[in-house]
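The structure appears right after this line, and notes come after that.
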2 protein chains.
Amino acid sequence: MEIPDIVVGRLPIYLRALSHLESIGQTVTSSHEMGNALGISSAQIRKDLSHFGEFGKQGTGYQVKYLVDQLRRILKVGADWDIAIVGAGDLGRALANYNGFADRGFRIRAIFDSDPRRIGQTHGGHVVQDARDIGRVLPELGIRLAMVAVPAAAAQLVADHLVAAGVQGILNYAPINILVPEGVQVQYIDPVVHLQRMTFYLEAPTPNPVTG
Amino acid sequence: MEIPDIVVGRLPIYLRALSHLESIGQTVTSSHEMGNALGISSAQIRKDLSHFGEFGKQGTGYQVKYLVDQLRRILKVGADWDIAIVGAGDLGRALANYNGFADRGFRIRAIFDSDPRRIGQTHGGHVVQDARDIGRVLPELGIRLAMVAVPAAAAQLVADHLVAAGVQGILNYAPINILVPEGVQVQYIDPVVHLQRMTFYLEAPTPNPVTG
DNA sequence: GATGCATCGTGAATTCTGGCACAAGACTGT
DNA sequence: ACAGTCTTGTGCCAGAATTCACGATGCATC
């Protein structure tokens, strides 16, 4: 039975909400409670989860810890995934220093840049390596995921190198679409896309006659 | 006629791709070319655009510049939107220094933090202000959009203050869902959500017996 | 100007998605 | 024990979203 992509996309949201409940000491929840917190219908949550098994109990709801474990298993984030960061600019450094990966199944293992002035610097405990070494270092470390934080003009080339090095998933922060072979996962993060999606629903700004 | 959200969500992607074509000097494109570049069917692109008018010409395709202008108008990013950043940690600073907003319809106008050690620092040409002044400063500047880059534990409170200050759209980088009044737009950026969405489709990692 | 090819916009057909509503089960309190 | 209240998992179906396929049109070439 094939799981719809759109369902898969919601699972990390559920996991995040459940982990939050767990962290505040709540042991049981319901599809209604989760739905209210997430702005999703309870029926949707139940149906999504039902693709993978029966995790709840009638009349009671879901055991938070048990459901967290199940979602971690389903999403395969039980053991840590190693990640490489390409690009040691402001964003790459922020990612390298971010401590929100560790407890959610991911671990930064390497960071690369092509600028000689950045190579050798240390960020988040990792020495910036020469981007030309991606093809050697990634297979050595068995890294299969990468975050791309380079200028748009370089993103496709970087992606090509990553794929050649065996990377199977790319999280692309560069504001450009990239093409990869079938079987390689790509996800995009572009704040402007989200901002523009919001402004569609708002009244257009009136240019300030003073500041321009 | 109501435009489906899912269509609105694709428009910024189209705009980004078209702007790229424009930047490399291409003056004409087609739904097929765009579709190939974006991994979207050409019919989908044509139908999405048809919600807003007839922008192409049979046999020829679309004038890139014209379509860019139209999408900017539709998304209301013709004139610049002012944005506030809340949180001057690594991520907030990276956003403040990012120069990719300016030419896509947005302009950072203020940055806030609650940590006295950060207040007064300058990032991206903006002095970090006291987060307690959000309620005063935002209305003064007429800011209606904000990016939240604070720890998850603080995100809901910050969002409440932003909404009270008249903010109509929040781009939330904190890994937690927030509740806002109806009419306020919220978008989320959480790299881990994207990573987990990819790992679902990959083989689970085998823990390295040496490094753990 | 006629032919061949390319492309758009769109109605129809198909596939997908979400929500309703209910049977079944679980818990609480008397 | 039993009534009352919750909650899950799911069959069903309406509506949404996507794709198909085609008429209409534009351009290049001969």
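Just so it is clear, the model here is predicted, and its values are computed rather than measured. Reminder, nothing fancy here: chain letters follow the sequence lines and each chain counts from 1.
- Here A/Ser19 pairs with nothing under the side-chain hydrogen bond (donor to acceptor under 3.5 Å, both in side chains) rule; sequence neighbours left out.
- Remark: B/Arg16 engages A/Asp190 in a salt bridge (Lys or Arg N to Asp or Glu O under 4.0 Å) (not counting sequence neighbours).
- Take A/Tyr98 and apply the ring pair (Phe, Tyr, Trp, His ring centres under 6.0 Å) test, not counting sequence neighbours, and it matches A/Phe101.
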Verdict with supporting geometry, A/Gln196 and B/Trp81, side chain to side chain contact (heavy atoms under 4.5 Å, CB included): CA-CA 10 Å; A/Gln196 291 179 338; B/Trp81 289 83; over 6 Å; no
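- Closest non-hydrogen pair, B/Val77 versus B/Phe106, comes out as CG1-CZ, 3.8 Å.
- Geometric assessment of B/Lys57 against the ring of B/Tyr62 yields a negative cation-pi assignment under the 6.0 Å and 45° thresholds.
- Counting 5' to 3', DNA chain C first comes under 4.0 angstrom of a heavy atom of chain A and last does so at the ends given by C/dT17 to C/dC27.
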Donor-acceptor contacts, no H, no angles, side chain residues 137-159 of chain B, under 3.5 Å, sequence neighbours left out:
| residue | atom | partner | partner atom | Å |
| --- | --- | --- | --- | --- |
| B/Arg144 | NH1 | A/Glu203 | O | 3.2 |
| B/Arg144 | NH1 | B/Gln168 | OE1 | 2.9 |
| B/Arg144 | NH2 | A/Glu203 | O | 2.9 |
| B/Gln156 | OE1 | B/Leu179 | N | 2.9 |
| B/Gln156 | NE2 | B/Asp160 | OD1 | 2.9 |
| B/Gln156 | NE2 | B/Leu179 | O | 2.9 |

Annotated protein contacts, base or backbone, on nucleotides 2-12 of chain D with a non-hydrogen cut-off under 4.0 Å, one of B, S, - each: ----BBBBBBB
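- Between the CD1 atom of B/Ile6 and the C1' atom of D/dA16 there is a distance of 9 Å, given to the nearest Å.
- For the pair A/Asp5 CG and D/dA17 C1', the interatomic distance rounds to 15 Å; values are reported in whole Å.
- By the 4.5 Å heavy-atom criterion applied to side chains, B/Gln70 and B/Arg73 are counted as neighbours.
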